[in-house]
*Asks:* 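Structure below; questions to follow.
Residue numbering restarts at 1 for every chain, and letters A, B, ... go by the order of the sequence lines.
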Protein chains: 2
Amino acid sequence: MGSPSTARRISARHHRAVTPVPETRYDRRLAEILNHATEVFCRKGYEGASMRDLSRESGMSLAGLYYYFESKERLLYLIQKHTFATIVQRLKERLEGVSDPEQRIRIFILNHLEYFLANQAAMKVLSHEDEVLKNGFGAEVAAIKREYYRICVGLLDELKRDRGLQFSTRLAVLSLFGMMNWIYTWHKPRVDADADSIAGEMGDIFLRGVMAAKGRKERQ
Amino acid sequence: MGSPSTARRISARHHRAVTPVPETRYDRRLAEILNHATEVFCRKGYEGASMRDLSRESGMSLAGLYYYFESKERLLYLIQKHTFATIVQRLKERLEGVSDPEQRIRIFILNHLEYFLANQAAMKVLSHEDEVLKNGFGAEVAAIKREYYRICVGLLDELKRDRGLQFSTRLAVLSLFGMMNWIYTWHKPRVDADADSIAGEMGDIFLRGVMAAKGRKERQ
DNA sequence: AGATCATTCGAACGTTCGTTCGAACAAAGT
DNA sequence: ACTTTGTTCGAACGAACGTTCGAATGATCT
C-alpha cells in the first residue's frame with residue numbers, strides 16, 4: 001500500500017470517473033517530471049542522462065522520482081507514448097472534413113512539423129531513442145508508430161489513385177519522414193523559419209517530386 | 001616508452017614514410033578493433049556500449065584495448081573521422097569529369113547511399129552519435145561534416161544557376177540529407193532494394209521537386 | 001644467448017549507475 | 001485527538017562503468 005503502482009491506479013480511476021479534467025495533484029506532478037525528463041533526455045540522450053540528472057533538473061529527490069514510475073525505462077516509455085498519441089490524435093482531428101488528397105498530405109506535413117518544432121525536445125527523444133525500449137514497452141510504442149506510418153501510406157495511396165500516379169509508396173513515405181524528422185538535427189528556433197513556411201517548402205519539393213511521376217512505370 | 005601514444009606515433013611515421021600501403025600489424029589490429037567497435041556502437045549506442053562489450057566483441061582484453069587508443073571518446077572520434085573522410089574522398093573522385101549539374105547531384109546521392117548501405121553500422125554511428133564528442137574532437141569532426149554539407153550546397157547552386165531555378169538551397173539540402181540519412185532507421189538489406197535503385201527513386205523525387213520550381217519566387 | 005621493444009592481460013582503482021528501504025512529513029478522514 | 005493515506009527524502013545497496021598499472025608474453029635485433 002502506498003506503492004507507486006497503487007497510487008497510479010487510483011489516480012487514474014479518479015481522472016476518468018470524477019470530472020472531465022480533474023488534474024489531480026499526482027497527475028500534475030507527474031506531467032512536470034515528464035517534461036523535465038524529456039528535456040534532459042533530449043540534451044544528453046537516454047543512456048547519457050542519469051537518474052541523478054533528472055532529480056537535479058526536476059527538483060525532486062532521487063528516491064522521490066520512483067514514487068511516480070518504477071524504472072527509468074518505464075519513464076522513457078511514458079514520454080514516448082504520450083508524445084506519439086498526441087500527434088496522432090491531432091492529425092485525425094485536422095484531417096476530418098478535408099477530402100482533396102494533396103491538401104490532406106499538406107495537412108499531414110504541417111501537423112508533423114508543427115508538433116515537431118513546438119515540442120522539439122520530445123520529438124528528438126522519440127526519433128533518437130528508438131530501439132532502447134525492451135520487449136513489452138517497445139512493442140506498444142512500435143504499434144502506435146506503425147499506425148502513424150500507415151496513415152501516411154493511406155494518404156499517399158489516395159493521391160496515387162486520384163491522379164493516376166505510379167511510384168513506390170513505401171519509399172516515398174520513408175523519404176518524407178526522413179525530410180521531416182531530420183529537422184531535429186538542424187533547426188534553430190531563432191534563426192530558421194517557422195513550421196508553416198518549412199511545411200510549405202517541404203510540401204512543394206515532395207509533392208512536385210511524386211506528382212511529376214505521372215503515369216510512368218514504377219522503377220522496378 | 002611502450003606507451004600507447006608512443007606506439008601510435010611510431011607506427012604512423014612508418015605508415016607514411018616507408019611504403020604506400022605498409023599496413024603494419026598495429027594498423028591492421030587497430031582497424032579490426034574499429035570495425036568491431038563500430039558494430040557494437042551501432043547496436044547499443046555510444047553510451048549504451050561499455051568498454052567490456054567492446055572487449056568481448058573484439059576478443060581483446062579490456063586493458064589491451066587501451067593500448068590502441070587512450071579513451072572511449074577518442075575511439076568514437078577515430079571511427080567518425082575515418083568514415084567521413086572516406087565518403088568525402090570517394091565523392092570527389094566520382095565528381096571529377098562530370099559537369100552536368102543534375103548528373104552531379106545524382107552522383108552525390110548515389111555515393112552517399114551506396115556508402116551508407118555498404119557501411120550501415122558506421123553511418124548509423126555517424127548520424128546517431130552526433131553531439132557526444134567534446135570540444136576538441138567534436139570540432140574536427142564537425143569541420144569535415146561542414147565541408148561535406150558545403151559540397152552539396154555547391155552542387156545545388158550550380159543546378160539553380162544552370163536551370164534558372166529559385167528555392168531555398170539550405171532547406172533543399174537539409175531535406176535531401178534527411179531523406180538519405182533516415183534510411184538507417186528502415187533499410188533491411190535482405191528485403192529492401194539496393195543503393196542504385198533507391199538512389200534513382202530518391203533522386204527522381206528530389207530533383208523533380210526542386211526543378212519544378214522554375215523561375216518562381218522563393219517562398220518569403 | 002641475451003637485450004630491447006611491442007603487445008596483451010588479470011586485477012584492481014575510484015566513480016557513478018539504477019534502484020531500494022525505512023523514516024519523516026503533509027493532508028484528509030474520523 | 002488519533003489514524004490513515006499520500007508524498008518526499010537521506011542513505012545506502014550491489015553492480016557496472018571507464019581507466020590504470022605492473023607483470024607477463026611475443027617478436028625482433030644484435
Side-chain angles (χ1 to χ4, degrees), chain A residues 1-15 18 22-33 36-37 40-41 44-77 132-134 137, chain B residues 1-15 18 22-33 36-37 40-41 44-77 132-134 137:
Chain A
M1 357 74 177
S3 78
S5 56
T6 304
R8 195 177 311 103
R9 239 179 281 121
I10 289 177
S11 78
R13 200 183 304 138
H14 277 196
H15 186 78
V18 180
E23 274 276 328
T24 62
R25 186 176 128 82
Y26 176 91
D27 291 331
R28 241 179 296 117
R29 203 85 176 81
L30 176 58
E32 281 176 35
I33 295 173
H36 283 115
V40 179
F41 281 160
K44 321 182 79 169
Y46 173 75
E47 309 269 7
S50 72
M51 291 298 294
R52 282 157 186 86
D53 291 331
L54 304 179
S55 161
R56 201 176 312 113
E57 211 77 15
S58 63
M60 173 166 284
S61 77
L62 188 54
L65 292 176
Y66 281 86
Y67 180 71
Y68 289 92
F69 44 85
E70 56 250 19
S71 72
K72 190 186 176 190
E73 190 184 11
R74 166 111 196 165
L75 173 59
L76 178 59
Y77 161 80
V132 330
L133 289 180
K134 294 302 164 198
F137 296 153
Chain B
M1 26 353 231
S3 80
S5 56
T6 304
R8 195 177 312 102
R9 240 179 281 123
I10 289 176
S11 78
R13 200 183 305 138
H14 278 197
H15 185 78
V18 180
E23 274 276 326
T24 62
R25 186 176 130 80
Y26 176 90
D27 290 332
R28 240 177 297 118
R29 202 85 175 83
L30 175 58
E32 280 177 35
I33 295 173
H36 282 114
V40 178
F41 281 159
K44 321 183 78 168
Y46 173 75
E47 309 269 6
S50 72
M51 291 298 294
R52 283 158 185 84
D53 290 331
L54 304 179
S55 160
R56 201 177 312 113
E57 210 77 15
S58 63
M60 173 167 284
S61 76
L62 188 54
L65 293 175
Y66 281 85
Y67 179 71
Y68 289 92
F69 45 86
E70 56 250 17
S71 72
K72 191 187 176 189
E73 190 184 10
R74 166 108 196 169
L75 173 60
L76 177 59
Y77 161 80
V132 330
L133 290 180
K134 294 304 165 199
F137 296 153

*Asks:* Return the 5'-most residue of the pair B:Ser71, A:Gly64 with respect to DNA chain D, ranking by each residue's nearest nucleotide.
*Replies:* A:Gly64
*Asks:* Would you tabulate the nitrogen or oxygen pairs shorter than 3.5 Å linking the protein to nucleotides 20-22 of chain C?
*Replies:*
none

*Asks:* To the nearest angstrom, how far is A:Arg28 atom CZ from D:dT7 atom C1'?
*Replies:* 14 Å
*Asks:* By nearest atom, which of the nucleotides C:dT8, C:dT7, D:dG6 is closest to the A:Tyr67 side chain?
*Replies:* D:dG6
*Asks:* Which residue pairs satisfy the salt bridge (charged side-chain N to carboxylate O under 4.0 Å, His left out) criterion with at least one member in residues 55-64 of chain B, sequence neighbours excluded?
*Replies:* B:Arg43-B:Glu57, B:Asp53-B:Arg56
*Asks:* Just how far, in rounded Å, is C1' of D:dT8 from CG of A:Leu30?
*Replies:* 15 Å
*Asks:* Within the structure provided, determine whether A:Tyr68 and A:Met60 are in side-chain contact (heavy-atom separation under 4.5 Å).
*Replies:* yes
*Asks:* Taking side chain to side chain donor-acceptor pair (under 3.5 Å) as the test, write out the residues that go with A:Glu32, two or more places apart.
*Replies:* A:Arg29
*Asks:* Looking only at side-chain N and O atoms, does A:Arg29 come under 4.0 Å of OP1 or OP2 in D:dG6?
*Replies:* no
*Asks:* Quick one: side-chain contact (heavy atoms from CB on, under 4.5 Å) partners of A:Ser71, sequence neighbours excluded?
*Replies:* A:Glu73, A:Arg74
*Asks:* Could you state the CG-P distance from B:Leu65 to C:dC9, rounded to the nearest angstrom?
*Replies:* 9 Å
*Asks:* Write down the distance between OH (A:Tyr46) and P (C:dC17), rounded to a whole number of angstrom.
*Replies:* 14 Å
*Asks:* Give, ordered by number, those residues of residues 49-57 of chain B having at least one heavy-atom distance below 4.0 Å to an atom of DNA chain C; if nothing qualifies, reply none.
*Replies:* B:Arg52
*Asks:* Hey, what are the protein-to-nucleotides 27-29 of chain D N/O distances that come in under 3.5 Å?
*Replies:*
none

*Asks:* So, the side chain of B:Lys44 versus the backbone of B:Ser50: is there a donor-acceptor pair under 3.5 Å, distance only?
*Replies:* no
*Asks:* Mind calculating the distance between NZ (B:Lys72) and P (D:dC17) to the nearest angstrom?
*Replies:* 9 Å
*Asks:* What orientation do B:Tyr26 and B:Tyr67 show, parallel under 30°, tilted 30 to 60°, or perpendicular over 60°?
*Replies:* perpendicular
*Asks:* What is the distance from OH of A:Tyr26 to P of D:dT8, rounded to the nearest Å?
*Replies:* 10 Å
*Asks:* Taking only residues two or more places apart in sequence or in another chain, which ones pass salt bridge (Lys or Arg N to Asp or Glu O under 4.0 Å) with A:Arg52?
*Replies:* none
*Asks:* What closest approach, in Å, do A:Phe69 and A:Ile33 show between heavy atoms, and which atom pair accounts for it?
*Replies:* CE2-CG2, 3.9 Å
*Asks:* Would you mind reporting whether A:Leu65 and A:Leu75 have side-chain heavy atoms less than 4.5 Å apart?
*Replies:* no
*Asks:* Rounded to the nearest Å, what distance is computed from the CE atom of residue B:Met60 to the C1' atom of nucleotide D:dG18?
*Replies:* 17 Å
*Asks:* So, for B:Ser55 and B:Ser61, which heavy atoms are closest and what is the spacing to 0.1 Å?
*Replies:* OG-C, 3.6 Å
*Asks:* Who passes salt bridge (Lys or Arg N to Asp or Glu O under 4.0 Å) against B:Glu47, sequence neighbours left out?
*Replies:* none
